[in-house]
Amino acid sequence: MKSWQNDDELFEIAKTELFPALVGDILDRMGRLNQFLHPEIKPIAGHMVLIGRAYTVLEADLSEAVAIPSSNPALNKPFGLMFEALDNMKPNDVYTCTGATSAYALWGGLMSTRALQLKAAGALVNGYSRDTNELLNLNFPTFSKGTYAQDQGSRGRVIAYGIPITINGVTINMGDIIFGDRDGVVVVPQNIADEAFSKAIEKSRGEKLVKKALEKGMSTVDAFDKFGIM
């Protein structure tokens with residue numbers, strides 16, 4: 001049975017008692033063996049923890065072969081639908097973007113400023129971020145493959161948001177829970193989130209008992225026999 005009433009309570013428990021590796025272990029036991037994103041996706045600062053609801057965004061490279069004006073209205077705007085996507089974010093949303101193949105930044109300082117005003121939880125991009133000093137000053141949880149100054153304005157467009165996306169073979173739907181730290185990012189499908197986090201909390205609290213037993217000299221064999229956790 002879940003021990004939280006809303007997302008705010010769950011996410012606070014996750015930040016104080018859990019970590020993505022533990023939740024990933026639970027998902028493995030539930031038969032969800034492919035829920036971690038590629039290890040290249042890291043926080044821009046090691047202390048950053050990201051947890052919230054996926055707000056999915058699809059980016060596309062702007063090919064020189066695409067005629068402007070285009071029959072696709074999203075391609076006729078300087079950043080496509082990026083502004084609309086940003087403005088529709090809700091508290092605890094994680095801007096979760098993929099689709100681009102070129103080397104340009106998908107997230108930056110002004111986007112973070114707007115997202116903070118909307119009480120968003122952070123950003124995760126399958127690509128680069130930029131304005132790193134500004135992001136660090138804002139302490140806005142940002143996960144990317146690295147930092148790179150080159151702008152997306154002349155190179156890419158947001159063409160859709162609120163749709164299922166895939167990053168490294170992991171399908172992400174709107175409302176799935178994104179949980180990340182310096183060791184990796186795990187995606188918890190919303191339809192199994194209550195079960196996964198309930199079991200993760202139980203395991204975390206059990207591990208504390210194991211840790212105390214080990215500190216008192218109990219062997220790992222005896223600890224596992226007694227607690228069933230290691």
Side-chain angles (χ1 to χ4, degrees), residues 4-16 18-20 23 37 41-59 74 77 79-100 104-147 151-153 156-165 167 170 172-182 184-190 193 197:
W4 61 92
Q5 299 299 316
N6 52 49
D7 279 356
D8 288 337
E9 290 185 8
L10 171 60
F11 297 158
E12 186 59 32
I13 291 171
K15 289 176 183 177
T16 56
L18 306 178
F19 44 95
V23 175
L37 302 184
I41 298 176
K42 295 283 190 181
I44 61 170
H47 72 276
M48 289 181 170
V49 175
L50 175 62
I51 186 163
R53 297 280 179 178
Y55 182 90
T56 55
V57 179
L58 183 63
E59 180 102 9
K77 300 180 179 182
F79 294 88
L81 301 177
M82 188 184 79
F83 301 144
E84 290 87 343
L86 271 174
D87 286 343
N88 280 286
M89 292 182 75
K90 303 292 188 296
N92 290 322
D93 278 349
V94 176
Y95 186 97
T96 307
C97 180
T98 192
Y104 53 86
L106 299 173
W107 188 262
L110 291 178
M111 297 174 75
S112 294
T113 299
R114 177 58 176 153
L116 277 169
Q117 288 294 314
L118 297 171
K119 297 180 169 40
L124 183 153
V125 296
N126 188 24
Y128 296 107
S129 57
R130 71 176 199 168
D131 306 326
T132 307
N133 289 336
E134 186 176 357
L135 299 184
L136 293 174
N137 287 334
L138 292 170
N139 197 31
F140 188 74
T142 303
F143 283 57
S144 67
K145 287 186 174 180
T147 61
D151 185 38
Q152 67 177 295
R157 299 284 188 271
V158 170
I159 58 172
Y161 57 94
I163 63 171
I165 60 173
I167 298 179
V170 182
I172 306 173
N173 292 288
M174 283 281 284
D176 288 347
I177 294 180
I178 305 291
F179 190 18
D181 65 10
R182 66 195 304 169
V185 180
V186 67
V187 179
V188 184
Q190 59 183 324
F197 278 98

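Since the structure is predicted, the reported quantities are computational estimates derived from the model, not experimental observations.
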If I compare all heavy atoms of [X] with all of [Y], which pair ends up nearest, and what's the gap?
| X | Y | answer |
| --- | --- | --- |
| Ser144 | Tyr128 | CB-C, 4.2 Å |
| Ile163 | Met174 | N-CG, 4.3 Å |
| Leu106 | Tyr95 | O-CE2, 4.4 Å |
| Leu136 | Ala45 | CD2-CB, 3.7 Å |
| Phe140 | Ala115 | CZ-CB, 3.6 Å |
| Val158 | Glu59 | CG2-OE1, 3.3 Å |

Going from [atom1] on [X] to [atom2] on [Y], what distance comes out if it is rounded to the nearest 0.5 angstrom?
| X | Y | atom1 | atom2 | answer |
| --- | --- | --- | --- | --- |
| Leu81 | Leu86 | CG | CG | 11.5 Å |
| His47 | Arg182 | NE2 | CZ | 10.5 Å |
| Arg114 | Asp87 | CZ | CG | 4.5 Å |
| Asn139 | Ser112 | CG | OG | 11.0 Å |
| Gln152 | Trp107 | CD | CH2 | 10.0 Å |
| Asn137 | Thr132 | CG | OG1 | 11.0 Å |

Phe11 atom CZ, neighbour heavy-atom count above 12 within 6.0 Å: yes

Sidechain-backbone polar pair: Lys90 side chain, Asn88 backbone, donor-acceptor under 3.5 Å: yes

A side-chain contact here means heavy atoms from C-beta on lying under 4.5 Å apart; do Leu50 and Val185 qualify? no

Could you check whether any side-chain heavy atom of Thr147 comes within less than 4.5 Å of a side-chain heavy atom of Leu135, counting everything from C-beta outward?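 A side-chain contact is absent here, since even the closest heavy-atom pair is not under 4.5 Å.
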
The residue among Asn173, Val170, Thr96 that forms side chain to side chain contact (heavy atoms under 4.5 Å, CB included) with Val187 is Val170

For the residue pair Asn126 / Lys145, report whether a side-chain donor-acceptor contact shorter than 3.5 Å exists. yes

Tell me, with the steps shown, if Val23 and Phe197 meet side-chain contact (heavy atoms from CB on, under 4.5 Å). CA-CA 7 Å; Val23 175; Phe197 278 98; 4.0 Å; yes

Just grab all the side-chain hydrogen bond (donor to acceptor under 3.5 Å, both in side chains) pairs involving residues 48-58, residues at least two apart or on different chains.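 Pairs touching residues 48-58 that pass the test: Asp7-Arg53.
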
Using side-chain contact (heavy atoms from CB on, under 4.5 Å), reason through Ile178 and Phe143 one step at a time and then give a plain yes or no. CA-CA 11 Å; Ile178 305 291; Phe143 283 57; over 6 Å; no

Please name all residues satisfying side-chain contact (heavy atoms from CB on, under 4.5 Å) with Asn6, sequence neighbours left out, ordered by chain then number. Asp8, Glu9

Criterion side-chain contact (heavy atoms from CB on, under 4.5 Å) on Phe179 and Leu18, from CA distance to verdict: CA-CA 10 Å; Phe179 190 18; Leu18 306 178; 4.1 Å; yes

Test side-chain contact (heavy atoms from CB on, under 4.5 Å) on Met111 and Met82; report intermediate values, then the result. CA-CA 9 Å; Met111 297 174 75; Met82 188 184 79; 3.5 Å; yes

